[in-house]
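The block underneath contains the structure these notes are about, expressed in C-alpha cells.
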Amino acid sequence: MAKKQAQDKTSIGFEDKIWKAADVLRGNLNAAEYEGVVLGLIFLKYISDKFDEMYQQLKADEYADEEDKDEYTAENVFFVPKEARWQVISEAAHTPEVGVVIDNSMLAIERENQRLKGILPKNFARPELDKRRLGEVVELFSNIQMHESGDEKDLLGRTYEYCLQKFASMEGKNAGEFYTPSCIVRTIVEILEPYEGRVYDPCCGSGGMFVQSAKFIRRHSRDLQRISIYGQEANPSTWKMAHMNVAIRGLEANLGKTYADTFFDDQHPTLRADFIMANPPFNLSDWGQSSLQEDVRWAYGLPPSGNANFAWMQHMIHHLSPTGRIGLVLANGALSSQSGGEGEIRKNIINADLVEGIIALPDKLFYSTGIPVSLWFLSRNKSQRGKTLFIDARQMGVMVTRAVRELTEDEILRIASTFHQFQQGTLTDEKGFCAVRTTADIEAQDFILTPGRYVGIAEAADDGEPFDAKMSRLTSDLSALFAESHRLEEEIRKQLGSIGFKL
C-alpha cells in the first residue's frame, strides 16, 4: 500500500497516515517537544532502513564485510551499530523500556557517525511520553519499509517535510522560526536555478531551501554532487532539525560548527556563494546594531537598530561571489521604508545595480503571520544592466485552509517563466502583472520598489456588450431591485404591526 501511494507524487495519503499515527503521542507535550519525538522517530527509521538495504547487499557479496563501517561511509550511508538497529527497537516496542532503548540507539548512532554528534533527540524515556502509544507507533513503522527505489526513494523525505508543515500549522506565530512555506521556497528556486555551485542560507531554519534546491536539480536530471551546501541557524533545536532534514534527503551540508547568531558569530566568514536563498526573521529588532556599527558588511549604510531587514540583505551581499545571485523573503516595509536610514541603504543598493527583480506576493502564505511579503532578487552580474523586473502576484494563490493560502504549480511556473523572459530580454510588459523599469524610472519614484507603482492596474476585459445596451439592462435590473426592496419594506411594516409595533 505504501509503495502504491509513493508512486503518486500528488498524494499525501502515506504521509498523512504516518502523521495521524504519530499524533497519538502528543498527550500533554508542547509542540516543540512533540516535534522532536515524531521527527526523530522518522529519521531513526530512515537511517535504519538505508543501513539495512546496504547491509543485505554487502552480505550477498562474498568479498565484502557487512560489519565494516568504512563500507557504509564510502557510500554516504550512516553506520548503525548492532545495539541500535531497528529490530532491537521493534522487539522492545511493547515493553516499558522502549523509550530507553530508543534513546540508547540514538546515542550509539551518534558515537559511530561524527556528522550526527549532538544532533539526534534523546528524550524518549521521559515519563510524560506515553510508552504504550510510543510502542504502537514503533510497531507501525516496523511494518512499513521506508526506503524505496528509483523515483520513489523520496518517500520518507516527503513524510518528514509533511510533518514539518503540520508542526508549522500547530505552532502558528512561532512557526516562522523553522518553516518557510514550500510554495515560496519553490518560487525562489525555480527563478535562481541553482544547478551547480555554492548554495548558502544564513538563517536556514529546518533547511527547506536546500531541500527544494535538491528537488529542482533532480527534476532536471542534474548531478547533486555539483552543489555545495552551507547554512547557519541560531536556534539549537531548529539547527538539529535542519541536519536531519538534509541527511534524510541524502545531502551533505556544512551548517556551521554549532548553532550561532549570524551577525555576531558568522560560521562561514570567508564564503562567497553562488546562490543565497533565505527567509530571515521579519523586521527583527534588537539585533545588536550597537556592537556592530563598524562592521565591514554594511557597505551600503548602517542598518537601523530597530529593524534587521537591511542587515540581513547586506550580510548576504557581502557573501556573494562575483557572479552570485540572491533570492530572499522580506516584509513589504523594506520596499518603501525611509526610517532609520533604510531609504538611503535601499537607494545605494539600487544605484549599485544589484536589484534584479521584486515580486509582491499575496497575504496569508505563512502560518506565522498573515501579512503579505515580497521576494527580492539581487545579482552581482545582471543580464539586463540598469533594469529591474517588477511582478505583482498579489492576486495569485488559492486558500487551502480558512487562514492559509498557497501558490499553485502553474502560478509558480508562470512567475519563474516571466523572470526568465526578462533575463533573456524578450519580456513584454503586462499591465497589472509585470513591468521592466530602468534605474532612472525607480529614482523618479524616490527609490521605492513597490511593484504596484510600476505594473499599474490590469485592464478590465471587454465583454462585447454595447455601452447603451448595457446601461439599459443595468438600469432595468436596478429598477426591479428597488421595487422588490419597497415590497419587502411594506411586508416588514405589516408583520411588525400585527404584533403591536410600528416602524
Between [X] and [Y], what is the shortest heavy-atom contact and its length?
| X | Y | answer |
| --- | --- | --- |
| E233 | N235 | OE2-N, 3.1 Å |
| K364 | A403 | CB-O, 3.5 Å |
| A299 | Q314 | N-OE1, 3.2 Å |
| T258 | Q267 | N-OE1, 3.4 Å |
| Q424 | Q384 | C-NE2, 4.1 Å |
| D429 | R437 | OD2-NH1, 2.9 Å |

In terms of ring plane angle, is the pair [X] and [Y] parallel, tilted or perpendicular, where the classes change at 30° and 60°?
| X | Y | answer |
| --- | --- | --- |
| F216 | Y195 | tilted |
| Y72 | F51 | parallel |
| F263 | W312 | tilted |

Does the pair F433 and D392 meet the rule for a side chain to side chain contact (heavy atoms under 4.5 Å, CB included), with working shown? CA-CA 5 Å; F433 177 64; D392 190 343; 5.7 Å; no
[Y] and [X], any side-chain heavy atoms less than 4.5 Å apart:
| X | Y | result |
| --- | --- | --- |
| W287 | L292 | yes |
| E356 | S383 | yes |
| N113 | F79 | yes |
| L116 | F43 | yes |
| L407 | L361 | yes |
| I276 | D201 | no |
| L375 | I391 | no |
| M316 | M313 | no |

Before giving the answer on salt bridge (Lys or Arg N to Asp or Glu O under 4.0 Å), spell out for R325 and E193 the whole-Å C-alpha distance, their side-chain angles and the decisive distance to 0.1 Å. CA-CA 10 Å; R325 300 174 65 206; E193 299 183 309; 5.8 Å; no
Any salt bridge linking E406 with R186? Criterion: basic side-chain nitrogen under 4.0 Å from a carboxylate oxygen.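 Not counted as a salt bridge, because no side-chain N and carboxylate O are separated by less than 4.0 Å.
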Taking NZ, NE, NH1 and NH2 as the nitrogens, is one of them in D441 or K387 under 4.0 Å from a carboxylate oxygen of the other?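 No salt bridge links D441 with K387.
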Within a radius of less than 6.0 Å around [atom1] of [X], do more than 12 heavy atoms belonging to other residues, nucleotides or ligands occur?
| X | atom1 | answer |
| --- | --- | --- |
| Q445 | CD | yes |
| D286 | CG | no |
| R115 | CZ | yes |
| E294 | CD | no |
| Q395 | CD | no |
| K117 | NZ | no |
| K347 | NZ | no |
| R394 | CZ | no |

Taking it one step at a time, do M396 and R414 satisfy side chain to side chain contact (heavy atoms under 4.5 Å, CB included)? CA-CA 11 Å; M396 288 186 171; R414 182 189 177 197; 3.6 Å; yes
Tell me which one of L328, V199, T180 satisfies side chain to side chain contact (heavy atoms under 4.5 Å, CB included) with M277.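 Result: among L328, V199, T180, V199 is the only option passing the side chain to side chain contact (heavy atoms under 4.5 Å, CB included) with M277.
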Would you mind telling me which of N351, L449, V355, I448 makes a side chain to side chain contact (heavy atoms under 4.5 Å, CB included) with I442?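 Passing option: L449.
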Would you sort out whether T439 and T388 count as a side chain to side chain contact (heavy atoms under 4.5 Å, CB included), showing the intermediate values? CA-CA 7 Å; T439 301; T388 297; 5.5 Å; no
Verify side chain to side chain contact (heavy atoms under 4.5 Å, CB included) between I119 and W239, making sure each step is shown before the conclusion. CA-CA 8 Å; I119 298 299; W239 183 71; 3.7 Å; yes
Assess the residue pair E53 and K50 against the criterion (salt bridge (Lys or Arg N to Asp or Glu O under 4.0 Å)); give the C-alpha distance rounded to whole Å, side-chain angles, the decisive distance to 0.1 Å, and a yes or no. CA-CA 5 Å; E53 181 180 26; K50 294 299 288 184; 3.5 Å; yes
For a ring-ring contact (aromatic ring centres under 6.0 Å, His included) with F377, tell me which candidate from F422, F419, F275 qualifies.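 For F377, the ring-ring contact (aromatic ring centres under 6.0 Å, His included) test succeeds with only one of F422, F419, F275, which is F419.
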